[in-house]
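So the structure is just underneath, and the comments pick up after that.
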Amino acid sequence: MKIIHTSDWHLGQNFYGYDRTAEHAHFLRQLAQIVSREQPHALLVCGDVFDTMQPSAQAAKLFADGLIAIHDACPGMRIIVTAGNHDSPSRISVDSALWQRMGVTIVSDVEWEGDTVLADRHIITVSDVHGRPVGQVVALPFLRGNRFVLPDVPEPIDSTVLLQALTERAAARQSALPVVVMAHTAVRGNLAVADDDATAIGNIDYVPLGELRGEYDYLALGHIHHPHTLAGSRSRARYCGSPMALSFDEDYEHSVSIVNLDGHHEPSIITQKIEPLMALSTLPMQPAPLDEAMRQLHDLPHTQPAYIRLNVLADGFLPGDARQRAAEVLDGSLLRFCEIRKTSAAPANTQTDAVSLEDFKQMSPLDVATRYFTAMGTPLDEEHAALLKQVIQQHQTQEQP
Ligand SMILES: [Mn+2]
């Protein structure tokens, strides 16, 4: 089974007041070309189709026109779209009956009958042009609840067990075919070492990969915009990432993933780059004083369209007219001024007595907490230290098998 895995389109995004319709249309045209060339069995869109719960008419039109062009590029292809946390389940499924006629399945929410989940609505068989089944897709949207009841399972289960149960159900139907699971959630790779995953995840609450025990052949993930295969997954779990940068910090290459599955073998994955219509540029690369940053802004060639974030080094407040001055420099050009990022020249408090990684590994949790509170200016008192010590001990006893 050959699939194209994409997610996090965020159609209709308003970027510092600028409209990104042309950029999204540029992406959708590229996707139609990729589909036309690859002729995959399925296209999976794993959540966050729209940027907001109430997308504009323009964004809805972008979605419809784009999807029709993609469908026409490979009419036999199954398209499956799931809702992400940015999507409104009711809004995204308004035309789902109409879409179904074109081979487009929109899974906006968990399907219930009374108080049990309609499991089979979430398992979709994908066929080739001759109608022969080539694989199965378990399509799960962003899950808001955490108690699900299946008809033949007595106790309510949580979202990770639901994923596992549906995967097993799909595998039991046709054991030779690969099972692909679509999910929109934060999952972390299994290796304890700091890898790409950790930096991409930031502060999001994530589920360790090991907790998603289903026997899937490929876990097609959406939610995190940085494309990466999860550590320890043997190419079986991947974030395809967003097809374009949605913030200045997403200054990496964006892509869709082309995944080939052969039975239960390790999938082969090709990353297909998406060319941006507009660059997102932080200027200068390293923060510089306002006058220097403004000088560089003046000198910038104004021939290539780009969004600009000014990177300014300053203590205290910036002059009140700094934003206006920057915007005026770019007025009438192809460059769009967005914001000023201000960095303080004075080193942060916590950096004054940095500790090496080796030393850090040797420290007890209590040492770490003590250092933290000291750095924050309110040293840990004896009572709280004792309480914390007790909690740490309890936790460590529980961890023993
Ligand atoms: Mn997203």
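These values consider heavy atoms only, across backbone and side chains, with no hydrogens, waters or symmetry-generated copies. In listed order, ligands and their atoms are each counted from 1.
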Six-ring centre of F15, R20 cation under 6.0 angstrom, axis tolerance 45°: yes

Steps toward salt bridge (Lys or Arg N to Asp or Glu O under 4.0 Å) verdict (E38, K2): CA-CA 9 Å; E38 296 291 331; K2 186 196 244 185; 2.7 Å; yes

Distance-only side-chain donor-acceptor flag, T282 / N311, under 3.5 Å: no

Pair E23, Y307: side-chain N/O donor-acceptor within cut-off below 3.5 Å: yes

N85 and H184 side chains, donor-acceptor separation under 3.5 Å: yes

Atoms (protein N, O or S; no water) under 2.8 Å from the Mn ion (ligand 1): 4

No-hydrogen, no-angle side-chain donor-acceptor test under 3.5 Å, Q272 and R37: yes

